[in-house]
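One structure is given here, and the rest of the page talks about it.
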Amino acid sequence: MKLSLYNSLTRKKQEFKPIKPAAVGLYTCGPTVYNYAHIGNLRTYIFEDILKRVLIYNGYAVRHVMNITDVGHLTGDRDMGEDKMEAGAAREGKSAWDIADLYTRSFKKDIKHLNILVPDVWVKATDTIPEQIALVRILEEKGYTYRTADGVYFDTSKFKDYNKLSHQDLEALKEGARVERNPEKRNPTDFALWKFSPQGSKRQMEWDSPWGVGFPGWHLECSAMSMKFLGEQLDIHCGGTDHIDVHHTNEIAQSEAATGKPFFNFWMHGAFLIIQGGKKMAKSEGNFLTLENAFLENDTNPLVYRFASFLTHYRKPMEYSDESMEAARNGLLHLQNQVRQVAAAGVVAGQDINAEFKCKFTEALNDDLNMPRAMATVQEMLKSTISDTQKYGTILDFDRVLGLRLDQLDQAQALPEAVQKLVAARQQARQDKDFATSDQLRAEIEALGYQVQDTKDGMAVVKK
Ligand code: AMP
Ligand code: ZN
């Protein structure tokens, strides 16, 4: 079946075809490890995980590379401000290397909690300094660079189509840049390839280079690492929408200037997690929550967050609120109960899959990862008249994409038959709008030690 993905480069949904049939090259911009990842960042990683799982579900092999930004990302994306790593180290009284190690480990734990498939290659920016220097040398030889007092810069006016991804108005940017503090930059969009360590001070992370001691610019790492592990022409590159205007635009400019070839065929971007009032969740806004404090500390299964992210299309802002998470919690509990009920059929995954529902589910996924529609198909399938054996086989097949660990549900938590009967009777009463009976049955279920929550898909019943 045709797989259509929205490509930020062409601003259209396009049929995806890999460059090399053997494997899809997927590169996802990884975390800057100066602090914990917040659940906004994690929304982007869940979207990328769905993309990867959908590619696999469509029969492609995927080679996935993710970087760890442990140097070079300044507090301002346009090369102004402090290095986030050195600032994090000063904040915590630790070395920049220790900070990197601590938050890399924490990030890896987060993605495990969210059942995000681990990349084939993890690579730290600090492990590819020679490759990054080599890339700057090529750009220098080709005449794309110039030096200022604080570093080596890429001259964006020399790269045709600089704004092909961002479509930003470069003239307006020039106007806006008058207040910018670096008067040596030839164009406001020019960016640092290599920055010098400040004179008279030693940075914790610095390296020798043909231009002087310093550190690489942030964008450089992703170009050097993706080309090192995937080749010069690649399939899909992802990140959050905030990366379009600067980070990814600059990656394209320096990579294509160096190789003379198109860099990635597809660029895909996930929309923000916002909080009530429409504000983006961001560390700089001080309004962020981690997986630990929003879920783990409250004994809430972090897969609730994964489930929640399926309810909004990845290109639309997703709102975080207590109510939206409560709805997701109930939705997941309900789904788990539905699966437990059909699991008694005891099939092995892959044995009995309903072709019609599989087709419908795949159609939703292949329409630019339409997860809300895919989740509606999940409910339609579970409420249909196909056999429990097929329902179980089919949901386990779907779970290759959903990643909700539906094959690992604790059957001990399955509802006893007496409770199941009361639940079925209450469902009927609700359908008949017989609320007095429904309330009576709720009380009976609760008396047996179960909690009842009503959701839009039905009832979630869990042990108290
Ligand atoms: P960083 O660690 O800052 O480099 O960001 C890691 C990823 O999270 C990037 O792909 C960002 O685009 C993405 N991101 C940052 N803030 C949000 C947010 N509020 N919602 C969704 N993704 C975000
Ligand atoms: Zn990147």
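Values in this document were obtained by computation on a predicted structure and should not be read as measured data. Both ligands and their constituent atoms are indexed starting at 1 by order of listing.
For ligand 1, the 4.0 Å heavy-atom shell contains residues G30, P31, T32, H38, G40, N41, T44, Y45, G239, G240, D242, H243, A271, F272, L273, K280, M281.
Salt bridge D242/K280: present, at least one basic N to carboxylate O contact under 4.0 Å.
Using a 4.5 Å cut-off on side-chain heavy atoms (C-beta onward), Y27 and I236 make no contact. Between K158 and R186 there is a side-chain heavy-atom pair separated by less than 4.5 Å.
When atom types are taken as modelled, the side chain of R43 and the backbone of F272 share a donor-acceptor pair closer than 3.5 angstrom.
Between the NE2 atom of H247 and the SG atom of C222, the angle centred on the Zn ion (ligand 2) amounts to 110° when rounded to 10°.
Residue H219: no N/O/S atom is found under 2.8 Å from the Zn ion (ligand 2).
Ring pair Y34/Y103: centre-to-centre distance not below 6.0 Å. Between F191 and H219, the ring center distance clears the sub-6.0 Å criterion.
Judged by distance alone, the side chains of Q254 and S223 do bring a donor and an acceptor atom under 3.5 Å apart.
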